[in-house]
Amino acid sequence: MFSDFPAWWEALSPLAKIYWIFAFPATLLFLIQLVMTFIGGDGDHDYDDFDHDGGFDADHGGFHIFTFKNLIAFFTLFAWSGMACIEGGFSLAIVIIVSVVCGTVMMIIMASLFYYISKFSHSGTLN
């Protein structure tokens, strides 16, 4: 595939090119997030001690579906499932529907995981 990249790229359909454009950066960012999560550098720190006068309430414990991690997961699964459907010979409508559904399901799964994992924390006070 990469021995003659320009010829390979020109042979792709326009839809396949779009999916590849999404797949490369999304997969790279997904892998970076995965490694950073395992080594503890994912940036999810509790900044409740930070004194600010912004006038907003930062709720960290809710169900958040549109986060950076979830969007990266969406585009990763969106692109790879779309390319799998293209290779399977499905029609344009089926390719788009399947890839959007797969990406959305991945976002919901990740948001649910982070929501339920956040419920494992406790305040340390006795009730």
Side-chain angles (χ1 to χ4, degrees):
M1 173 171 79
F2 294 110
S3 62
D4 190 16
F5 184 78
W8 170 78
W9 183 256
E10 291 301 319
L12 290 175
S13 69
L15 185 63
K17 287 179 184 179
I18 291 170
Y19 279 105
W20 274 106
I21 288 170
F22 278 112
F24 280 128
T27 303
L28 179 65
L29 289 172
F30 185 79
L31 292 173
I32 290 170
Q33 282 181 353
L34 185 67
V35 169
M36 294 297 284
T37 299
F38 283 135
I39 64 172
D42 58 348
D44 289 338
H45 301 288
D46 191 12
Y47 295 111
D48 289 338
D49 295 336
F50 179 69
D51 187 22
H52 65 284
D53 293 330
F56 60 89
D57 185 20
D59 183 2
H60 299 289
F63 187 80
H64 303 286
I65 196 160
F66 294 109
T67 63
F68 185 69
K69 287 181 180 181
N70 292 348
L71 289 175
I72 294 299
F74 170 84
F75 284 116
T76 302
L77 200 60
F78 167 82
W80 287 108
S81 63
M83 285 189 296
C85 288
I86 291 171
E87 289 294 319
F90 293 106
S91 69
L92 174 67
I94 298 297
V95 169
I96 293 171
I97 290 170
V98 167
S99 60
V100 169
V101 167
C102 287
T104 303
V105 167
M106 183 64 170
M107 276 181 68
I108 292 170
I109 289 171
M110 294 226 3
S112 299
L113 282 173
F114 287 121
Y115 174 74
Y116 288 116
I117 288 172
S118 72
K119 294 293 184 183
F120 286 137
S121 65
H122 59 85
S123 65
T125 60
L126 294 174
N127 292 330

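- Taking CG from Leu15 and OG from Ser99, the interatomic distance works out to 8.0 Å, rounded to the nearest 0.5 Å.
- Of all the heavy atoms in Asn70 and Ala111, the pair that sits closest is ND2-CB, 3.6 Å.
- Taking the six-membered ring where the residue is Trp, Tyr19 and Phe78 present tilted rings, their angle falling between 30° and 60°.
- Looking only at side-chain heavy atoms (C-beta outward), Phe74 and Met110 stay at 4.5 Å or farther from each other.
- To the nearest 0.5 Å, the span separating CE on Met106 from CZ on Phe30 amounts to 4.5 Å.
- Between Phe24 and Trp20, the ring planes are tilted. Angles from 30° to 60° get that label.
- The nearest pair of heavy atoms linking Lys17 to Trp9 is CE-O, 2.9 Å.
- To the nearest 0.5 Å, atoms CE (Met36) and CG (Leu29) are separated by 12.0 Å.
- For the atom pair OG (Ser91) and CD1 (Ile96), the distance works out to 9.0 Å, reported to the nearest 0.5 Å.
- A heavy-atom distance below 4.5 Å is not found between the side chains of Leu31 and Val35.
- Under the 30°/60° scheme for interplanar angles, the aromatic rings of Trp8 and Phe5 are found to be tilted.
- Residue Leu113 holds its CG atom at 11.5 Å from NZ of Lys69, rounded to the nearest 0.5 Å.
- Residues Thr67 and Phe114 fail the side-chain proximity criterion, which asks for heavy atoms closer than 4.5 Å.
- Within the model, atoms CD1 of Ile18 and OG of Ser13 stand 8.5 Å from one another, a figure rounded to the nearest 0.5 Å.
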